[in-house]
Number of protein chains: 2
Amino acid sequence: MSSPNPAGVVRAALAEVAKAFGHEHRVELIEQLAQGPRSVEAIAERIGVSVANTSQHLRQLHRTGLVTARRSGKRVIYRLAEASEADIVALLGSLRRVAEHAVASMERVAGEYFHARDRLEPVAAADLAIRLREGSVTLLDVRPADEFALGRLPGALNIPLNQLRQRLAELPRDRQIVAYCRGPYCVLSFEAVAELRANGFDVRRFQDGYSEWKAAGLPVEAV
Amino acid sequence: MSSPNPAGVVRAALAEVAKAFGHEHRVELIEQLAQGPRSVEAIAERIGVSVANTSQHLRQLHRTGLVTARRSGKRVIYRLAEASEADIVALLGSLRRVAEHAVASMERVAGEYFHARDRLEPVAAADLAIRLREGSVTLLDVRPADEFALGRLPGALNIPLNQLRQRLAELPRDRQIVAYCRGPYCVLSFEAVAELRANGFDVRRFQDGYSEWKAAGLPVEAV
DNA sequence: GGTAAATTCAATCTATCAATTGAATGATGT
DNA sequence: ACATCATTCAATTGATAGATTGAATTTACC
């Protein structure tokens with residue numbers, strides 16, 4: 001009789017995991033870590049929060065068992081707990097789907113900003129995998145160069161969104177382009193598709209992002 | 001430019017939904033409502049929390065958009081927001097999968113208490129649906145009678161767990177029995193299977209529960 | 001061994017949240 | 001209209017979480 005009330009323990013565990021996701025900073029931390037391992041400093045800089053504060057939130061995620069830490073030289077590298085990585089990305093997806101209908105502010109954003117969604121002809125992961133194998137598309141990664149360096153879809157070309165306008169010449173006009181960034185609500189790829197279409201390219205948007213591709217066990221490249 | 005930073009809005013929305021799940025009571029409220037609409041009083045009594053407190057938590061879920069309320073005579077009946085119902089049940093599942101690996105206390109419970117899981121030969125929803133259509137199994141609902149009355153799998157026989165021992169005669173010995181209760185970690189069906197096996201019945205466990213069956217759009221019966 | 005850099009710890013203050021109580025509201029039935 | 005019941009609101013208290021600061025650890029590198 002070491003566990004007095006299994007149903008209660010399970011509920012407490014669910015609530016604990018939910019609490020870990022219950023702060024905007026931590027959601028962002030998890031989104032970052034879903035792309036791959038990062039040091040405290042690297043994450044703090046990217047999300048614009050003090051190092052000490054970032055460290056606190058990471059410790060909390062660690063306590064809940066969502067992330068693991070290892071030392072590498074001077075830095076501590078955090079990553080999503082390996083056993084849960086795919087489940088955590090799936091959980092982010094579940095939260096997003098619920099929020100889409102439930103939370104008023106998000107419904108508005110989803111409506112306003114992503115209204116163009118259907119027109120961008122999103123490509124599903126399975127389709128994209130097939131077309132990559134066929135070699136029938138050019139993959140465009142519009143994330144910042146440092147994120148690209150840490151991991152990307154196989155064969156992707158990296159043109160960060162803010163350089164896109166100057167580097168249009170690097171893109172093919174005779175093949176379809178599929179643009180992606182971090183995840184399904186990452187804005188970069190939306191803007192990239194809009195920009196490229198305005199310039200006459202045949203371009204579609206990958207409906208998920210790097211995190212989901214990786215979590216699905218599909219092949220990735222790194223330096 | 002009505003939404004200044006879409007990614008931020010999305011993250012805030014996710015965190016808000018997560019917060020709503022970030023308390024044991026609210027997880028239990030949601031689990032209850034996943035079975036069907038209930039009044040404040042009915043829920044409060046079942047989960048053993050004061051009516052006032054239950055009302056507060058329900059109001060919070062309402063603010064987040066997870067539940068809707070309507071008046072019916074003296075009572076206010078809450079239910080999961082229709083547009084999100086299936087997504088909410090899926091979110092509970094995601095939380096559970098993450099917690100299983102991440103949260104130490106739950107891992108222990110999952111190990112200790114549900115170790116017998118495989119031996120109970122869980123039946124998946126799709127399989128169960130087929131076998132019900134064939135009429136090749138007897139379905140046993142071991143939840144309390146009031147929950148059964150509010151909704152159940154088609155053709156199920158209700159014997160609440162605490163009456164099971166006295167009512168074994170009502171169960172067939174020449175057909176397989178499939179027992180279910182509220183959800184995948186609901187203890188009732190685990191105990192029912194154990195009890196029935198000890199008495200020589202051919203019995204398996206439905207791996208999900210009423211909530212999941214209903215959320216999957218499979219047919220249900222009610223009074 | 002000593003110094004510098006990255007991270008964590010400890011302590012503090014503030015804000016938010018949970019639970020409780022009693023009063024208020026809204027609907028019902030006489 | 002009045003009494004009653006279910007629920008909500010408002011106000012209070014205690015508990016918890018977040019941000020911030022500076023000191024303490026841990027490791028790297030000389």
Side-chain angles (χ1 to χ4, degrees), chain A residues 8 11-30 32-33 37-79 103 105 146 150, chain B residues 8 11-30 32-33 37-79 103 105 146 150:
Chain A
R11 264 195 300 276
L14 299 207
E16 200 181 329
V17 171
K19 248 182 232 168
F21 281 77
H23 191 281
E24 219 176 315
H25 284 353
R26 287 194 296 269
V27 171
E28 195 163 9
L29 292 183
I30 292 166
Q32 287 292 325
L33 293 176
R38 303 283 140 102
S39 71
V40 178
E41 186 186 37
I43 300 172
E45 190 190 359
R46 175 160 302 287
I47 72 175
V49 170
S50 78
V51 172
N53 192 194
T54 302
S55 170
Q56 300 291 16
H57 284 299
L58 286 169
R59 291 321 300 167
Q60 186 172 341
L61 293 177
H62 186 87
R63 255 177 272 131
T64 313
L66 297 177
V67 306
T68 56
R70 79 184 154 78
R71 242 205 144 90
S72 160
K74 300 185 188 180
R75 333 229 145 155
V76 173
I77 309 291
Y78 280 89
R79 56 170 304 166
V103 181
S105 57
D146 57 337
L150 287 166
Chain B
R11 263 196 300 277
L14 299 208
E16 200 181 328
V17 171
K19 248 182 230 168
F21 281 77
H23 191 279
E24 220 176 313
H25 285 354
R26 287 195 296 270
V27 171
E28 196 163 9
L29 291 183
I30 291 166
Q32 287 292 324
L33 292 176
R38 301 286 139 102
S39 72
V40 178
E41 187 186 35
I43 301 172
E45 190 189 2
R46 175 159 303 287
I47 73 175
V49 171
S50 77
V51 171
N53 192 196
T54 303
S55 171
Q56 300 291 15
H57 283 300
L58 285 170
R59 290 322 298 168
Q60 185 173 341
L61 293 178
H62 186 87
R63 272 193 301 278
T64 312
L66 297 177
V67 305
T68 56
R70 77 183 155 80
R71 248 211 140 85
S72 160
K74 300 186 189 181
R75 333 228 143 157
V76 174
I77 310 291
Y78 280 88
R79 56 171 302 165
V103 181
S105 58
D146 56 337
L150 287 166

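Note that these values count all heavy atoms, side chains included, but never hydrogens, waters or copies made by symmetry. Just so we're on the same page: letters track the sequence lines, and every chain starts at 1.
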> Leu29(A) and side-chain contact (heavy atoms from CB on, under 4.5 Å): which partner among Leu66(A), Val67(A), Thr54(A)?
Replying inline: Thr54(A)
> Are any non-hydrogen side-chain atoms of Phe21(B) and Leu14(A) less than 4.5 angstrom apart?
Replying inline: no
> Do His57(A) and Asn53(A) come close enough that some side-chain heavy atom pair is under 4.5 Å?
Replying inline: yes
> So which nucleotide from dT7(C), dA6(D), dC9(D) ends up closest to the side chain of Glu41(B)?
Replying inline: dA6(D)
When you check the phosphate oxygens OP1 and OP2 of [N], does a side-chain N or O of [X] lie under 4.0 Å from one of them?
X	N	result
Tyr78(B)	dT8(D)	yes
Ser55(A)	dT7(C)	no
Arg75(A)	dA5(C)	no

> How sharply is the helix from dG1(C)-dC30(D) to dT30(C)-dA1(D) bent, taking the axes over five pairs at either end and rounding to 10 degrees?
Replying inline: 30°
Nearest whole Å is fine: how far is [N] [atom2] from [X] [atom1]?
X	N	atom1	atom2	value
Ile77(B)	dT8(D)	CD1	C1'	15 Å
Arg59(B)	dT25(C)	CZ	P	16 Å
His62(A)	dT7(C)	NE2	P	15 Å
Glu24(B)	dA15(D)	CD	P	18 Å

If you measure from [atom1] on [X] to [atom2] on [Y], what distance do you get to the nearest 0.5 Å?
X	Y	atom1	atom2	result
Arg79(A)	Ser39(A)	CZ	OG	14.5 Å
His62(A)	Thr68(A)	NE2	OG1	7.5 Å
Leu58(B)	Leu33(B)	CG	CG	6.5 Å

>> Using a 4.0 Å heavy-atom cut-off to protein, can you give one letter per nucleotide of nucleotides 24-30 of chain D, 5' to 3': B if the base is in contact, S if only the sugar-phosphate is, - if neither?
In response: --BSS--
>> Within the 4.0 Å limit for protein heavy atoms, which parts of nucleotides 10-22 of chain C are touched? Write it as a string from 5' to 3', B for base, S for sugar-phosphate only, - for none.
In response: B-------SSBB-
Considering only residues two or more places apart or on different chains, which pairs with a residue in [range] satisfy salt bridge (charged side-chain N to carboxylate O under 4.0 Å, His left out)?
range	result
residues 16-28 of chain A	Glu28(A)-Arg11(B)
residues 41-51 of chain A	Glu41(A)-Arg75(A), Arg46(A)-Asp146(A), Arg46(A)-Glu147(A)
residues 51-73 of chain B	none

> So, for Val76(A) and Ala69(A), which heavy atoms are closest and what is the spacing to 0.1 Å?
Replying inline: CG1-CB, 3.8 Å
